[in-house]
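Below is one structure, written out as structure tokens; the observations come after it.
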Number of protein chains: 2
Amino acid sequence: MPRPPTIDREVVLAAGLALADKRGLEAVTMQAVASKLGVTPMALYRHVASKADLLDGLVEKLLDELPAARAGSWDAQLVATANALRMTARRHPAVFPLLLLRPAITASSRARVDRIYAVLRSAGIAEQHLQHVERVISTLALGFAAGEASGRFPKHADITFRTMTQFVIAGLAPFRSQTG
Amino acid sequence: MPRPPTIDREVVLAAGLALADKRGLEAVTMQAVASKLGVTPMALYRHVASKADLLDGLVEKLLDELPAARAGSWDAQLVATANALRMTARRHPAVFPLLLLRPAITASSRARVDRIYAVLRSAGIAEQHLQHVERVISTLALGFAAGEASGRFPKHADITFRTMTQFVIAGLAPFRSQTG
DNA sequence: ACCTGAACACCGTTCAAGT
DNA sequence: ACCTGAACACCGTTCAAGT
């Protein structure tokens with residue numbers, strides 16, 4: 001005896017994200033999410049496998065929010081990517097740090113990593129350094145954004161960001177074989 | 001009517017850390033910690049203000065574990081510090097990532113940051129760049145250690161670490177005014 | 001197919017009471 | 001001073017039942 005669905009995974013995740021943004025990660029309980037949707041907590045289990053799955057879904061939503069890569073020189077592209085991460089971290093400070101706790105290569109992140117590889121290639125990074133250089137600069141960009149979102153840099157975060165971009169350009173130098 | 005204390009803050013934190021190391025952060029419950037000590041959960045509240053205070057105490061214990069800085073060239077000292085963070089992260093993979101969520105300057109971390117400042121000065125970093133450069137390299141070292149501990153780099157983490165050290169040395173170049 | 005009611009084992013935390 | 005017993009409001013999750 002079918003029934004018209006009143007909620008779906010998308011609205012469950014949206015409600016969870018809104019709750020996390022407004023009142024922090026610990027405010028994201030099955031009961032709070034359900035109540036926001038006018039439904040009982042048990043209804044959520046048809047759309048998310050567990051609370052851990054719900055939190056995973058929130059992280060996915062953050063990644064989906066990142067803008068597509070822009071054109072420009074390789075260094076401008078790297079800065080734009082780091083900046084996009086930073087903006088997303090500011091919108092979702094409670095959820096963002098979870099990004100650092102996930103495997104670097106998931107199905108959904110693969111395309112994004114490949115994009116960075118392409119940018120690094122155009123910067124002249126040799127193939128054997130690609131994976132490691134990508135990890136280093138991604139760790140730095142993610143770590144900075146997560147740190148800022150967590151209040152680690154209460155003052156002068158903008159200057160630290162600028163310092164970071166200069167630092168990255170110079171740090172890449174030993175790994176570049178040709179100008180891009 | 002005084003009683004001899006059966007537990008103190010130190011053993012509460014030690015029990016919590018052991019639990020986190022063995023079974024993860026979510027295994028650290030007041031009941032589990034208490035049971036490990038042969039005591040009721042309510043007994044813990046005389047020694048820690050709350051569960052959040054307990055977790056804060058675990059992070060402090062990790063910091064206390066870091067070895068004192070060693071002598072050597074500035075670059076060797078930076079590498080040694082990053083390596084010490086990495087070893088601590090491996091011993092305590094569940095707790096370590098919490099470090100990235102804390103303010104960079106707390107009373108207890110102040111001395112450590114000052115030590116890095118001294119090393120960076122001896123590398124010839126100009127005074128106006130000191131704070132920002134320190135934030136950048138600390139974010140990178142912490143982020144890498146936390147990422148590795150969380151399983152972000154399942155393969156070739158050692159090579160990535162070496163890449164990171166080269167990257168940092170080169171990244172510092174634009175901020176150095178004299179050889180140290 | 002989708003949601004609910006009732007139930008379970010657990011959680012952090014309080015407060016008054018015991019020694 | 002320090003720990004306990006009893007209690008409270010909450011948590012995630014299950015399962016059978018309703019529509």
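Residue numbering restarts at 1 for every chain, and letters A, B, ... go by the order of the sequence lines.
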Problem set entry | Set of residues satisfying salt bridge (Lys or Arg N to Asp or Glu O under 4.0 Å) with respect to A:Glu26, sequence neighbours excluded | none

Problem set entry | Residue pairs passing the ring pair (Phe, Tyr, Trp, His ring centres under 6.0 Å) test where at least one lies in residues 139-162 of chain B, sequence neighbours excluded | B:Phe144-B:Phe153, B:Phe144-B:Phe161

For this session: Find out whether A:Asp53 and A:Arg9 are in side-chain contact, i.e. whether some heavy atom of one side chain is under 4.5 Å from a heavy atom of the other.
Result: yes

Seminar exercise, completed: Those residues at least two apart in sequence (or on a different chain) that pass side chain to side chain contact (heavy atoms under 4.5 Å, CB included) with B:Leu66 are B:Leu63, B:Ala84, B:Leu85, B:Thr88, B:Arg112

Exercise. Using a heavy-atom distance cut-off of less than 4.0 Å, which residues of residues 54-61 of chain A contact DNA chain D?
Worked result: none

Problem set entry | Where DNA chain C forms stems, i.e. three or more consecutive Watson-Crick or G-U pairs with both distances under 3.5 Å | C:4-8 with D:12-16, C:12-16 with D:4-8

Problem set entry | Residues forming a side chain to side chain contact (heavy atoms under 4.5 Å, CB included) with A:Glu127, sequence neighbours excluded | A:Arg121, A:Leu130

For this session: Return each pair, listed once, that meets ring pair (Phe, Tyr, Trp, His ring centres under 6.0 Å) where at least one residue sits in residues 89-135 of chain A; pairs must be two or more places apart or across chains.
Result: A:His129-A:Phe175

For this session: Please say whether more than 12 non-hydrogen atoms of neighbouring residues, nucleotides or ligands are located less than 6.0 Å from CZ in A:Arg91.
Result: yes

Exercise. So do B:Leu25 and B:Leu98 actually touch side chain to side chain, heavy atoms under 4.5 Å?
Worked result: yes

Exercise. Can you tell me if B:Ser109 and B:Thr106 form a side-chain donor-acceptor pair at under 3.5 Å?
Worked result: yes

Report each atom pair, protein N/O against N/O of nucleotides 8-11 of chain C, whose distance is under 3.5 angstrom.
none

Problem set entry | Cluster overlap B:Leu78 with B:Leu142, hydrophobic side-chain contacts below 4.5 Å | no

Problem set entry | Residue list, salt bridge (Lys or Arg N to Asp or Glu O under 4.0 Å) with A:Asp21, at least two apart or on another chain | none

Exercise. Do the side chains of B:Glu60 and B:Glu65 get nearer than 4.5 Å, heavy atoms only?
Worked result: no

Exercise. What about A:Leu140 and A:Leu100, same hydrophobic cluster or not, with Ile/Leu/Val/Met/Phe/Trp/Tyr joined at side-chain heavy-atom distances under 4.5 Å?
Worked result: no

Taking distance alone, no hydrogens or angles, what donor-acceptor pairs closer than 3.5 Å link side-chain atoms of residues 34-49 of chain B to residues at least two apart or in another chain?
none

For this session: Evaluate the salt bridge (charged side-chain N to carboxylate O under 4.0 Å, His left out) criterion for residues B:Arg135 and A:Glu148: first the C-alpha distance (whole Å), next the side-chain angles of each, then the deciding distance (0.1 Å), finally the verdict.
Result: CA-CA 11 Å; B:Arg135 286 173 169 184; A:Glu148 185 187 16; over 6 Å; no

Mind listing the N/O atom pairs, protein and nucleotides 2-4 of chain C, below 3.5 Å?
from	atom 1	to	atom 2	distance (Å)
C:dC3	OP1	A:Thr6	N	2.8
C:dC3	OP1	A:Thr6	OG1	2.4
C:dC3	OP1	A:Ile7	N	3.2
C:dC3	OP2	A:His47	NE2	2.9
C:dC3	O4'	A:Arg3	NH1	3.2
C:dT4	OP2	A:Thr40	N	2.9
C:dT4	OP2	A:Thr40	OG1	2.9

Exercise. Looking at DNA chain C, which of residues 10-18 of chain A put a heavy atom within less than 4.0 Å of it?
Worked result: none

